[in-house]
Amino acid sequence: MPRTNPWAALSALCIGFFMILLDTTIVSIAIPAMVRELHTSLNSVVWVLSVYLLTYAVPMLFTSRLGDRFGPKRIFLAGLAVFTLASLWCGLSGTVEMLIAARAVQGLGAALMTPQTLAFITHLFPPAKRGPAMGLWGGVAGLATIAGPLLGGLLVDSLGWEWIFFVNVPIGVVAIVLTAVLVPDWQPKHSHSFDVLGILLSAAGLCCLVFGIQNGQQYSWGRVFGPVNIPEIIAAGVLLLVAFVIWQRLNTREPLLPLAVFRNWNFSTGTLTAVAIGFAMTGMFVPLVVYLQDVLLMSPTSAGLLTAPMSLLSGIIAPFVGRLSDRVNAKYLVLVGFLALAAGLVGVTLQARADTGPWSLVPVLLLCGVGTGCVFAPMSNVTMSSVDRRLAGAASGIFNTARQVGGVLGSAAIGVLLQARITTAMAAHPANPAEALTTAARETLLLPAAVLVLGALTALVMRRVSHAAPARSPEPVGNRG
């Protein structure tokens, strides 16, 4: 488009993107405060995390198609408005039930926004110049994901937990104005049909799966109501997701999940790595925050400050790694990132004791920052660069959905594992709750570390990206119109 400054447009989009990713981790630092002030349980507050990720992930395949049909800018602005208003609702909530409902709406706003960002990158920047743009995007993703605890800690200590949501309101207004002024009204003009059955199957399947995993401990892995028990709910979730995939295969018109895009090797492997990093990045903070605040007795601000160097290092590294991903085989950057983050988490488990000096954790947390800074930009570059531009909207939706699904599963799995390990450790150390919580946190952190190792193995089989031309898909997604 003439007179469009792609970097100005991307910067405006990244403000909104930063805000929605910030809200995936900013709540973690407020968990102890919410449990106390809302007079609720740890499981209920974990739902405040999970419901946001769930309503963020489930509609994203659908919202990516909305961008193709009505224009990414218009859908992005709509999402910004929903997100900003829902943030105000979150801050005004007086009960955990009301907060969970508001967070669900906030997740819907995020789902409208996220696919449009990557779709705009593929539109505004040619493949050979996409690395620096992905570097900025990756820097924002890494910085927002890890900066949440610092900003959240400052807000919780000085103003109260409600302000982790109120702060989004002025940021959202600024993002709406800048997007309206700087971002072009690009119209892909793809008249998509909408796969209603696919939307219902995927939503129901993920809801059952996440509910079963996260609430298993609460119901002792037994009966929930009537004859229905937790294993049956999890099994129903799996069956519904299998039915969803089968329906996508049978839907000859225009499936929600175009399976043809998975014939692209880098897209398939990149999607798996997105699941792994989403799982680990979401899951690592809950046990870490419990350890820092409930064992080492750090305030939310102090706990946030402890992670600040990790956040800063990640944000500094990511743009350079993004540029480097155009010059070297990007899969090795992804591999290094996954292994560094896994090593950092293992380092935390080795050092964590009930009497550990908090600042002695800084070196291993910095290693986590190096890992995060190395993952997002090259992973996105490898995954999206060889996708046919006709599939860019759908591919962006799938890629972002994969990362968010990983986050949902990470939140649920880490939440239930942490509660189970706390129960076991408390029974083993009834007179020493600090030792019990330390043991539970250390054991729980091994799960995201193991998932990161699996992600590294997946990255190892990625292929080097050629920027000569985007690959053509073997067949169209479906009939247009």
Side-chain angles (χ1 to χ4, degrees), residues 8-26 51-90 102-124 133-134 136-145 148 165 167-188 274 278 282 376 380 384 392-405 407-408:
L10 181 59
S11 298
L13 293 167
C14 280
I15 293 174
F17 187 55
F18 176 87
M19 185 171 63
I20 59 179
L21 284 184
L22 190 73
D23 269 55
T24 63
T25 59
I26 198 170
V51 76
Y52 173 79
L53 295 168
L54 189 62
T55 58
Y56 187 173
V58 170
M60 212 179 306
L61 294 174
F62 168 66
T63 57
S64 66
R65 300 296 182 85
L66 287 177
D68 281 345
R69 184 166 185 172
F70 299 108
K73 177 179 178 176
R74 299 175 189 186
I75 300 303
F76 187 87
L77 284 170
L80 259 177
V82 170
F83 188 93
T84 303
L85 292 172
S87 297
L88 180 62
W89 183 15
C90 286
R103 284 280 282 175
V105 177
Q106 198 183 38
L108 290 173
L112 287 166
M113 295 163 63
T114 300
Q116 322 313 328
T117 309
L118 270 181
F120 258 115
I121 290 176
T122 62
H123 169 70
L124 293 169
M134 289 293 189
L136 176 60
W137 181 86
V140 168
L143 188 62
T145 305
F165 302 112
V167 71
N168 289 331
V169 177
I171 297 174
V173 171
V174 170
I176 288 171
V177 172
L178 291 179
T179 301
V181 173
L182 298 175
V183 177
D185 189 16
W186 167 42
Q187 293 291 324
T282 303
F376 282 97
S380 305
M384 295 295 295
S396 172
I398 295 168
F399 179 59
N400 281 287
T401 298
R403 181 165 50 79
Q404 294 308 318
V405 167
V408 172

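Predicted model only: the values in this text are computed from it and were never measured.
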Between the CG atom in Asp185 and the CG atom in Leu77, the distance rounded to the nearest 0.5 Å is 9.0 Å
Looking only at atom types and distance, does a side-chain atom of Lys73 sit under 3.5 Å from a main-chain N or O of Pro184, one as donor and one as acceptor? no
Nearest 0.5 Å please: distance from the CD1 atom of Ile15 over to the CG atom of Leu10. 10.5 Å
Name the residue from Ile75, Leu66, Leu13 that meets the side-chain contact (heavy atoms from CB on, under 4.5 Å) definition with Gln116. Ile75
For side-chain contact (heavy atoms from CB on, under 4.5 Å), just list the numbers for Phe165 and Gln106, CA-CA rounded to whole Å, side-chain angles, deciding distance to a tenth of an Å, and then say yes or no. CA-CA 10 Å; Phe165 302 112; Gln106 198 183 38; 4.1 Å; yes
I need the Ile171 CD1 to Leu80 CG distance, nearest 0.5 Å. 11.0 Å
Quick one: side-chain hydrogen bond (donor to acceptor under 3.5 Å, both in side chains) partners of Thr63, sequence neighbours excluded? none
Can you tell me how far apart OG1 (Thr84) and CE (Met19) are? Round to the nearest 0.5 Å. 4.5 Å
Closest non-hydrogen atoms of Phe399 and Ser380, given as atom of the first, atom of the second and distance, are CE2-OG, 3.6 Å
Of the non-hydrogen atoms in Ala8 and Leu182, which two are nearest, and what is the gap between them? O-CD1, 3.8 Å
Any idea which heavy atoms bring Thr55 and Gly107 closest together, and the distance? OG1-CA, 3.3 Å
Where is the tightest heavy-atom contact between Gly16 and Phe76, given as atom of each residue plus distance? CA-CZ, 4.3 Å
Could you give all pairs that pass the salt bridge (charged side-chain N to carboxylate O under 4.0 Å, His left out) test and reach residues 169-179, with sequence neighbours left out? none
Rounding to 0.5 Å, atoms CG (Asn168) and CD1 (Ile20) come to a distance of 10.5 Å
Would you please test Leu112 and Tyr56 for side-chain contact (heavy atoms from CB on, under 4.5 Å) and show each step? CA-CA 8 Å; Leu112 287 166; Tyr56 187 173; over 6 Å; no
Least distance between heavy atoms, Ala102 atom then Ala86 atom: O-CB, 3.9 Å
Drop me the distance from Met113's CE to Phe83's CZ, to the nearest 0.5 angstrom. 6.5 Å
Which pairs, with at least one residue in residues 102-118 and sequence neighbours excluded, count as a salt bridge (charged side-chain N to carboxylate O under 4.0 Å, His left out)? Asp23-Arg103
